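Report on the following structure.
Remember, it's a predicted structure, so these values are computed and weren't measured experimentally.
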Amino acid sequence: MSKRKIAVFVEGQAEYIFVRDFLMKWYEYDDSKLGVECIGLRAQKRNSLPYSIGSEESENFYLIVNVGNDNSVLSQMKKEAERLINKGYHLILGLRDLYCEQYHKLAEGRVIKPNVSEKIMNASHEVISNDENAQYLHLHFAIMEFESWLLGMDFLHKVDSCLTCDHILKETDIDLNEDPETIYHPTEALKKIYKLICKDYDKHVSDIESIISHLEKAHFQELASSPKCNSFNPFFSDLVGLA
């Protein structure tokens, strides 16, 4: 029986692939240490997703649920909480982007406003604090999108040797020496960078899987210990049980 059982609810396929592959690399594809089951929700139906590994007998077992909508992450966490707790899950995590239609409206433009960020996050955390299963529920927001975490990792030169910080800054005005969490639309920034080498990033399965293939365990460790992307650290700690 697993020492740790964690359910992770994510908003879309890009986040699902990121979490799935992060876990595979963190536990070095060792199915004695890692068990993963992946499912997607479509019209409230549960569908198995590819690349599961291990089983509930593995030392650490994760259920990754792609809910397919940023606004559904919290509601699905709450809906499934009691059932999962009864099945022995120790923690129920949620991961969603802060970038959303609600943010655009509250900010009255495409600009990061700390008071808007706090308002959206605090509202969700208040909902959790009033839930009977609050101790099990941890909702994490990527600021502004989880792509900011990708931009915070030093890997783009592995995609193409020309993608140095200096070249990217010169051609796009995107300074990767700065904290990517100051970028309002990180997905668009990543798209601009990829255009420099005549490639696309449109959040397709092939796009995100191509990026993740360049990442190693050390990239995640380095991001967690860097001053960049502070929203990554609490999610990273909850996911792999680090203080």
Side-chain angles (χ1 to χ4, degrees), residues 2-12 14-30 33-38 53-54 58-67 70 73-74 76-78 80-81 84-85 88-99 114 117-118 120-122 124-129 131 133-155 179-182 186 211-212 215-243:
S2 303
K3 293 181 181 178
R4 297 171 70 241
K5 290 182 72 174
I6 296 177
V8 189
F9 291 77
V10 299
E11 69 170 65
E15 292 79 8
Y16 145 66
I17 294 169
F18 174 80
V19 173
R20 180 198 73 195
D21 283 37
F22 164 70
L23 290 171
M24 301 282 193
K25 293 181 178 184
W26 186 260
Y27 291 105
E28 300 171 339
Y29 300 90
D30 185 343
K33 295 180 180 178
L34 174 66
V36 174
E37 179 184 357
C38 306
I53 185 175
S58 303
E59 187 174 338
N60 303 278
F61 181 76
Y62 296 85
L63 172 68
I64 306 175
V65 184
N66 175 10
V67 304
D70 54 0
V73 172
L74 178 53
Q76 288 295 332
M77 289 170 65
K78 287 166 52 66
E80 296 288 327
L84 292 170
I85 293 166
Y89 281 81
H90 304 104
L91 199 57
I92 300 167
L93 305 182
L95 174 62
R96 58 159 293 183
D97 294 340
L98 195 53
Y99 181 96
S117 302
E118 290 178 12
I120 292 175
M121 291 189 289
N122 288 343
S124 293
H125 293 146
E126 184 175 353
V127 170
I128 289 175
S129 68
D131 192 276
N133 297 308
Q135 68 188 86
Y136 295 93
L137 303 173
H138 291 192
L139 177 62
H140 297 275
F141 286 85
I143 302 173
M144 291 288 289
E145 300 173 286
F146 103 93
E147 279 81 3
S148 66
W149 299 350
L150 297 178
L151 293 172
M153 298 183 192
D154 183 21
F155 78 95
D179 188 349
E181 290 191 343
T182 62
I211 285 179
I212 297 296
L215 300 181
E216 301 172 359
K217 183 176 180 178
H219 288 108
F220 301 102
Q221 293 172 311
E222 289 164 4
L223 182 62
S225 62
S226 82
K228 297 179 180 179
C229 301
N230 287 334
S231 67
F232 175 70
N233 293 35
F235 178 71
F236 172 77
S237 298
D238 268 353
L239 194 62
V240 295
L242 299 178

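- Using a 4.5 Å heavy-atom threshold, the side chains of F236 and L223 count as separate.
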Working note: L23 + I53, criterion side-chain contact (heavy atoms from CB on, under 4.5 Å); need CA distance, chi angles, decisive distance, verdict. CA-CA 10 Å; L23 290 171; I53 185 175; over 6 Å; no
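- To the nearest 0.5 Å, the span separating OH on Y16 from CZ on F9 amounts to 15.0 Å.
- Put simply, the residue from D131, L91, L84, I85 that forms a side-chain contact (heavy atoms from CB on, under 4.5 Å) with Y136 is I85.
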Could you walk me through whether R4 and F61 pass the side-chain contact (heavy atoms from CB on, under 4.5 Å) test, one step at a time? CA-CA 6 Å; R4 297 171 70 241; F61 181 76; over 6 Å; no
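- In this structure, the separation between NZ on K78 and CG on L139 is 11.5 Å, given to the nearest 0.5 Å.
- In this structure, I143 CD1 and D179 CG are separated by 9.0 Å, a value rounded to the nearest 0.5 Å.
- Under the 4.5 Å side-chain criterion, counting only non-hydrogen atoms from C-beta, Y62 is not in contact with R20.
- Heavy atoms of other residues, nucleotides or ligands lying less than 6.0 angstrom from NZ of K33 number 12 at most.
- The aromatic rings of W149 and F146 lie perpendicular to each other, with more than 60° between the two planes, well past the 30° mark.
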Before you tell me yes or no, could you show the steps for F18 and V10 under side-chain contact (heavy atoms from CB on, under 4.5 Å), namely the whole-Å CA-CA distance, both residues' side-chain angles and the distance that decides it to 0.1 Å? CA-CA 10 Å; F18 174 80; V10 299; over 6 Å; no
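- To the nearest 0.5 Å, atoms OG (S58) and CG (D30) are separated by 8.5 Å.
- To the nearest 0.5 Å, atoms NE2 (H138) and CG (L93) are separated by 7.5 Å.
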Evaluate side-chain contact (heavy atoms from CB on, under 4.5 Å) for V65 paired with Q76, printing each intermediate quantity in order. CA-CA 9 Å; V65 184; Q76 288 295 332; over 6 Å; no
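- Side-chain N or O atoms of H90 include one that pairs as donor or acceptor with a backbone N or O of K5 at under 3.5 Å.
- Checked by atom type and distance alone, the side chain of S148 never pairs as donor or acceptor with a backbone atom of E181 at under 3.5 Å.
- Identified under the side chain to side chain donor-acceptor pair (under 3.5 Å) test for residues 221-230, with sequence neighbours left out: none.
- Panel note: side chain E145, backbone Y99; no donor-acceptor pair is recorded below 3.5 Å.
- Taking CG of L95 as the reference point, atom CZ of F232 lies at 10.0 Å (rounded to 0.5 Å).
- Taking both residues in full, the closest heavy atoms of L151 and P186 are given as CD1-O, 3.9 Å, listed atom of the first, atom of the second, then distance.
- Looking at heavy atoms from C-beta onward, K25 lies in side-chain contact with I212 at the 4.5 angstrom threshold.
- Counting all heavy atoms, side chain and backbone alike, F155 lies closest to L150 at CE2-O, 3.2 Å.
- Between the H219 side chain and the D154 main chain, a donor and an acceptor come within less than 3.5 Å of each other.
- Between S231 and F141 the shortest heavy-atom distance is CB-O, 3.3 Å.
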